[in-house]
Amino acid sequence: MINYAQTPVAWALTRGMARMVDVDLGHALIEGWLGRQEVDSLVKKCDACTQTAACSAWLTQAHESRCLAVFCPNQERLQSLCLRM
């Protein structure tokens with residue numbers, strides 16, 4: 001299991017955004033669509049983002065959205081993974 005003990009909020013938000021577009025980050029790693037370093041990069045981008053409160057609110061309100069929030073720094077990469085799954 002992937003775990004980001006130092007950045008649990010960023011990991012949860014990154015996973016949440018990925019799930020909104022039906023991307024399972026663990027599955028993407030296993031299938032080779034993402035490397036561990038790329039997952040680390042996604043989490044770091046999220047951790048550096050200043051929109052944590054907006055992101056949390058968006059995730060609770062955007063049930064089954066097929067688009068990610070425009071402010072998400074990982075939007076482009078996660079949506080490109082969505083096309084592979």
Review point. Is there a side-chain contact between L25 and W11, using heavy atoms and a 4.5 Å cut-off?
Key: yes
Practice item. Report yes if some heavy atom in the side chain of R77 is under 4.5 Å from a heavy atom in the side chain of E38; otherwise report no. Key: yes
Review point. To the nearest 0.5 Å, what is the distance between CG (L13) and CH2 (W58)?
Key: 11.5 Å
Exercise for review: Drop me the distance from T14's OG1 to D40's CG, to the nearest 0.5 angstrom.
Suggested key: 10.5 Å
Practice item. Starting at CD of Q75, measure out to OG of S80 and round the result to the nearest 0.5 Å. Key: 11.0 Å
**Study point:** Within-4.5 Å side-chain heavy-atom neighbours: V43 and N74
**Key:** no
Check your understanding: Can you tell me how far the CE atom of M17 sits from the SG atom of C46, to the nearest 0.5 Å?
Key -> 8.0 Å
Exercise for review: Find the distance between CG (D22) and CG (L78) and round it off to the nearest 0.5 Å.
Suggested key: 12.0 Å
Point to revise | Any S41 side-chain heavy atom under 4.5 Å of K45 side chain | key: yes
Review point. Heavy-atom distance under 4.5 Å between the side chains of R19 and V23, does that happen here?
Key: no
Point to revise | Main-chain N/O of T7 paired to D47 side chain as donor or acceptor, under 3.5 Å | key: no
